[in-house]
Amino acid sequence: MNRVSSCFFSRNILKLFFSLVIICSSNSSFAAGEKISYPQLNWSFAGILGTFDRTSQQRGLQVYKEVCSGCHGMRLLAYRNLKSIGYNDDEIKAFAAENTVNTINDDGEIVERPARPSDKFVSPYPNDKAARAANGGAYPPDLSLIVKARPDGANYLHALLTGYVEAPAEKNVPDGMYYNKYYSGNLIGMPQPLYDDGVEYADGTKATPYQMAKDVTAFLAWASEPEMEDRKRLGISVMLFLLLLTALSYFAMKQIWAPIKKQ
Ligand code: HEC
């Protein structure tokens, strides 16, 4: 390698290094900007080797269905997607058929039919205005992407669901608002959704608000990023491949240079 090209290379490496420093520091300053800190839970899906816990996700689906789905939709998730969290075709068919969707019959009239596995999760309200009207003006957001849509999403969601406490005496809580120590501004339009034994788990797990929040978060984390396990698996294979390639290149380089070095 001549001097010009080696200089070119080192300059590029320096650029890459500084870009990485900027990216890392901008991330940490973003984290520093967060005023409220949430308890950091031990999620099975955290880290590069993390995977989803199927039983927790299935309990989470139950919490979503029995508690959250009264107010929140999940319009990006289709019933058939539940296959990835361990349900079979018949279970999914039965689960979907508990809901109804509108369709147009041969006479052009709007009629109802049971939902099919290929339908998206049926939303509780026909439109945003109806959703606001039923919740005192506050809009219950769609939960399909909520874990990705909030910084530190899983910990935030768990904290939010378990963060309903008595408001301090000096805080005025207007009608239709609720005090939550983890919500920005502390006043939220969502009433506390989780109470002891709010659902009855079939596997005998005790349904405390902490447990239900953990399960529904595991379910919503998967809904936000259903391809996470594949992505991590691919990442690990790529790293192993690169490692092998580096070793091979090193030995090839040694062999190619051996006769020249001997001279
Ligand atoms: C009675 C209706 C109702 C139920 C039941 C309910 N929510 Fe909500 N939720 C709301 C409303 C209304 C808002 C909007 C609050 C606001 O904007 O002040 C909201 C907001 C939220 C938010 C957004 C918070 C943010 O950072 O903006 C999340 C996340 C959420 N709910 C999750 C859940 C989960 C999970 C459940 C089930 C365990 C649930 N909700 C049950 C009505 C409900």
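Indexing begins at 1, ligand by ligand and atom by atom, following the structure's order.
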(request) Check ligand 1 against Arg150 and write out every atom of the ligand that is under 4.0 Å from a heavy-atom position of the residue. (result) 25 (C), 26 (O), 27 (O)
(message) Heavy-atom pairs closer than 4.0 Å: do any link ligand 1 to the side chain of Leu187, the backbone, both, or neither?
(response) neither
(request) For ligand 1, indicate whether the residue Ile188 contacts it via side chain, backbone, both or neither (heavy-atom separation under 4.0 Å). (result) both
(message) Any salt bridge linking Asp89 with Arg80? Criterion: basic side-chain nitrogen under 4.0 Å from a carboxylate oxygen.
(response) no
(request) Before giving the answer on side-chain contact (heavy atoms from CB on, under 4.5 Å), spell out for Asn180 and Leu187 the whole-Å C-alpha distance, their side-chain angles and the decisive distance to 0.1 Å. (result) CA-CA 6 Å; Asn180 187 303; Leu187 293 178; over 6 Å; no
(message) Could you check whether Arg59 pairs with Asp53 (Lys NZ or Arg NE/NH1/NH2 to Asp/Glu carboxylate O, under 4.0 Å)?
(response) no
(request) Measure the distance from atom 16 (C) of ligand 1 to every protein heavy atom, then report the residue, atom name and distance (to 0.1 Å) of the closest one. (result) Gly189 N, 3.6 Å
(message) Checking contacts here: is it the side chain or the backbone of Tyr64 that comes within 4.0 Å of ligand 1, counting heavy atoms only? Could be both or neither.
(response) neither
(request) Give the residue and atom name of whichever protein heavy atom lies nearest to atom 28 (C) of ligand 1, and the separation in Å to one decimal. (result) Leu160 CD2, 3.9 Å
(request) Tell me which protein heavy atom sits closest to atom 38 (C) of ligand 1, plus the residue, atom name and distance to 0.1 Å. (result) Cys68 SG, 2.6 Å
(message) Need the ligand 1 atom indices (1-based, order shown) with element for anything under 4.0 Å from a heavy-atom of Pro193.
(response) 41 (C)
(request) Determine, using the 4.5 Å side-chain heavy-atom cutoff (strictly less than), whether Tyr195 and Val165 are members of one ILVMFWY cluster. (result) no
(message) Quick test: of every protein heavy atom, which one is nearest to atom 10 (C) of ligand 1, and how far off is it to 0.1 Å?
(response) Met190 CB, 3.4 Å
(request) List every atom of ligand 1 that sits less than 4.0 Å from any heavy atom of Val67, numbering the atoms from 1 in the order shown and giving each element. (result) 5 (C)
(message) I'd like to know whether ligand 1 has Pro141 as a neighbour, heavy-atom separation below 4.0 Å.
(response) yes
(message) For Glu98, is there an ion pair with Arg116 - N to carboxylate O distance below 4.0 angstrom?
(response) no
(message) Testing the basics here: between Thr217 and His158, what is the closest heavy-atom pair and its distance to 0.1 Å?
(response) OG1-N, 3.9 Å
(message) Grouping I, L, V, M, F, W and Y whenever their side-chain heavy atoms are under 4.5 Å apart, do Leu41 and Phe52 come out in a common cluster?
(response) yes
(message) Using side-chain heavy atoms (C-beta onward) and a distance below 4.5 Å, is Leu76 in contact with Phe121?
(response) no
(request) Report the nearest protein non-hydrogen atom to atom 9 (N) of ligand 1: residue, atom name, distance rounded to 0.1 Å. (result) His72 NE2, 2.8 Å
(message) Taking 4.0 angstrom as the limit and counting only heavy atoms of Leu194, give me the atoms of ligand 1 inside it, by number and element.
(response) 38 (C)
(message) At less than 4.0 angstrom from any non-hydrogen atom of Tyr139, what atoms of ligand 1 do you find?
(response) 13 (C), 14 (C)
(message) Show the atoms of ligand 1 that are less than 4.0 angstrom away from any heavy atom in Ile146.
(response) 29 (C)
(message) How far is atom 26 (O) of ligand 1 from the closest protein heavy atom, and which atom is that?
(response) Tyr156 OH, 2.5 Å
(message) Under a plain distance cut-off of 3.5 Å, with no hydrogens placed, do Asn135 and Tyr125 share a side-chain donor-acceptor pair?
(response) yes
(request) Can you pull out the closest protein heavy atom to atom 17 (O) of ligand 1? Residue, atom name and distance to 0.1 Å, please. (result) Tyr183 OH, 3.9 Å
(message) Distance alone, cut at 3.5 Å: any donor-acceptor contact between the side chains of Asp152 and Gln40?
(response) yes
(request) Using a strict 4.0 Å cut-off to heavy atoms of Leu157, name the atoms of ligand 1 that fall inside it. (result) 29 (C)
(request) Compare Gly185, Ala149, Cys71 and give the one whose heavy atom is closest to atom 43 (C) of ligand 1. (result) Cys71
(message) What I'd like to find out is whether the side chain of Leu61 reaches to under 4.5 Å of the side chain of Phe95, using heavy atoms alone.
(response) yes
(request) Kindly indicate whether the side chain of Pro141, heavy atoms from C-beta on, has any atom under 4.5 Å from the side chain of Ile146. (result) yes
